[in-house]
Amino acid sequence: MSVKDNLNMIHEQIKSHVNLNEGHTVPNVIAVTKYVTIERAKEAYDAGIRHFGENRVEGFLQKKAALPDDVTMHFIGSLQSRKVKDVIDEIDYLHALDRISLAKEISKRATHTIKCFVQVNVSGEASKHGVAVDQLIPFIKELELYDHIEVVGLMTMAPFTEDEDELKSIFNQLKMKRDEVQALNLSYAPCSELSMGMSNDYTIAVEAGATFVRIGTRLVGKEE
Ligand SMILES: *Cc1c(COP(=O)(O)O)cnc(C)c1O
C-alpha cells in the first residue's frame with residue numbers, strides 16, 4: 001500500500017472517531033519511521049506528512065538529515081542520558097521524559113527550549129517506561145528546577161491488547177492527569193497535549209482526546 005492510501009484511510013478513521021462536540025481537535029499524525037527506509041520516509045513526506053517520529057538516536061539523525069527542513073522531528077523513544085548531547089538540539093518534541101536525571105542532562109546540554117511530553121506508565125506494566133501515575137504531580141513540580149524544558153503534555157504507551165475497555169480506561173486516565181497538571185498553571189508546564197495512540201489503538205485514543213497519534217506499521221509499514 002502507498003503511504004498516501006494509508007494516510008487517507010487513517011484520516012477517514014480519525015474523522016469518524018474524533019469528538020469535536022466535546023471540544024477535542026483533530027490530532028496531528030506523527031509518522032513513525034523506525035521500521036522503514038529513508039526512501040519510505042520521503043514517500044511519507046511527499047504524501048503530505050510533516051511530523052516524523054523515531055525512537056533511536058542514529059535513526060533519528062539519519063531521517064532528519066535526509067528529510068526537507070520543514071519537518072517537525074519527534075523523539076519518541078527512551079533517551080539514554082549519555083546520548084542527550086548527540087541529539088538534543090535536533091529534537092523538536094521529546095515524548096519520553098521519564099526521570100529527573102534526564103531532565104538534568106537536557107538542561108545542561110540543550111541550547112533551546114525542548115518541548116517535552118512526560119511519559120506516564122498508566123498501565124503499571126513493569127516492562128513499560130514512564131513515571132508512575134501517583135508520582136506524576138511531584139515529578140512535574142520538580143521539573144521547575146531545570147532549564148530548557150517545557151512540559152507540553154503527557155504521553156503513554158498502552159498495553160498490547162484487544163480489550164477496548166482497558167484501552168479506553170488507560171487513555172481516559174491520561175487525559176484526567178493532563179487536566180490536573182494543566183490546572184496547576186505552571187509557566188513551564190502548560191500541558192495541553194496528549195500523545196497517545198499507535199497502529200492498533202489510535203481510534204480509541206482519538207475518541208479519548210489524543211492531540212498527537214504516533215503511527216508506524218499502519219501508515220508507512222514495517223520492513224524486516
Ligand atoms: C514504534 C512506536 C510507535 C508506532 O508503533 P506502531 O504500532 O508501528 O504504530 C509509537 N510510539 C512509540 C513510542 C513507538 O516506539
Side-chain angles (χ1 to χ4, degrees), residues 1-14 17 27-38 40-41 43-44 47 49-64 71-80 83 87 91-99 102 114-131 151-164 166-167 170-171 174 178 193-224:
M1 287 282 270
S2 71
V3 177
K4 188 88 200 163
D5 289 342
N6 291 339
L7 184 61
N8 285 340
M9 186 273 291
I10 288 167
H11 278 153
E12 286 303 313
Q13 289 285 329
I14 288 177
H17 286 271
N28 296 295
V29 175
I30 301 171
V32 176
T33 50
K34 67 188 183 194
Y35 302 123
V36 300
T37 60
I38 284 171
R40 189 71 166 167
E43 188 190 334
I49 288 170
R50 292 296 178 268
H51 291 275
F52 288 83
E54 283 277 335
N55 68 340
R56 300 242 186 275
V57 171
E58 247 182 44
F60 180 94
L61 293 173
Q62 271 175 7
K63 297 289 197 319
K64 175 159 185 177
V71 296
T72 299
M73 293 299 295
H74 298 258
F75 195 91
I76 61 172
S78 180
L79 181 56
Q80 290 173 278
K83 294 198 173 165
V87 71
I91 294 176
D92 295 304
Y93 287 85
L94 175 69
H95 287 245
L97 179 56
D98 60 355
R99 56 195 194 278
L102 180 58
I114 311 295
K115 294 182 169 73
C116 296
F117 287 86
V118 171
Q119 184 170 355
V120 186
N121 186 356
V122 180
S123 68
E125 290 171 284
S127 62
K128 290 265 193 304
H129 290 278
V131 179
V151 179
V152 296
L154 303 181
M155 176 274 213
T156 200
M157 283 179 83
F160 193 78
T161 172
E162 306 274 293
D163 184 342
E164 292 204 2
E166 187 184 350
L167 292 168
I170 283 172
F171 295 142
L174 193 72
R178 190 270 315 264
E193 309 296 331
L194 281 172
S195 169
M196 57 191 197
M198 307 177 17
S199 289
N200 287 309
D201 54 22
Y202 73 90
T203 55
I204 299 167
V206 169
E207 278 174 9
T211 65
F212 287 89
V213 290
R214 312 176 307 268
I215 307 182
T217 313
R218 284 276 171 89
L219 177 54
V220 292
K222 186 170 183 171
E223 287 159 21
E224 299 309 322

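Remember, it's 1-based here, ligands and their atoms both numbered in the order they're listed. Atom set for the values below is all heavy atoms of this structure, side chains included, hydrogens, waters and symmetry mates excluded.
Taking every non-hydrogen atom of I215 and a distance limit under 4.0 Å, the qualifying atoms of ligand 1 come out as 9 (O). Interface of T217 with ligand 1, defined as ligand atoms under 4.0 Å from a residue heavy atom, comprises 6 (P), 7 (O), 8 (O), 9 (O). Near Y35, with a cut-off below 4.0 Å to any heavy atom, the atoms of ligand 1 are 1 (C), 8 (O).
Considering only non-hydrogen protein atoms, atom 5 (O) of ligand 1 sits nearest to M198 CE, 3.5 Å. Nearest non-hydrogen protein atom to atom 13 (C) of ligand 1 is I76 O, 3.5 Å. Protein heavy atom in closest approach to atom 6 (P) of ligand 1: S199 OG, 3.5 Å. Nearest non-hydrogen protein atom to atom 11 (N) of ligand 1 is R214 NE, 2.9 Å. Among protein heavy atoms, atom 14 (C) of ligand 1 sits closest to K34 NZ, 3.0 Å.
Among the atoms of R218, none of the N or O lies under 3.5 angstrom from an N or O of ligand 1. The distance criterion of under 3.5 Å between nitrogen or oxygen atoms is met by G216 with respect to ligand 1.
Checked by atom type and distance alone, the side chain of R56 never pairs as donor or acceptor with a backbone atom of K34 at under 3.5 Å. In this structure, the side chain of K64 does not engage the main chain of M73 through any donor-acceptor pair within 3.5 Å. Panel note: side chain N121, backbone E125; a donor-acceptor pair is recorded below 3.5 Å. Panel note: side chain R218, backbone I10; no donor-acceptor pair is recorded below 3.5 Å. When atom types are taken as modelled, the side chain of T33 and the backbone of V36 share no donor-acceptor pair closer than 3.5 angstrom.
Classified by interplanar angle (parallel below 30°, tilted 30° to 60°, perpendicular above 60°), the ring pair F212/F117 is perpendicular.
Counting heavy atoms under 4.0 Å from ligand 1, residue M157 touches it through the side chain alone.
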inquiry  = side chain to side chain contact (heavy atoms under 4.5 Å, CB included) for V122 and F171? Distances and angles first, verdict last.
reply    = CA-CA 8 Å; V122 180; F171 295 142; over 6 Å; no
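In summary, the side chains of T211 and E193 do present a donor paired with an acceptor at a separation below 3.5 Å, with no hydrogens or angles considered.
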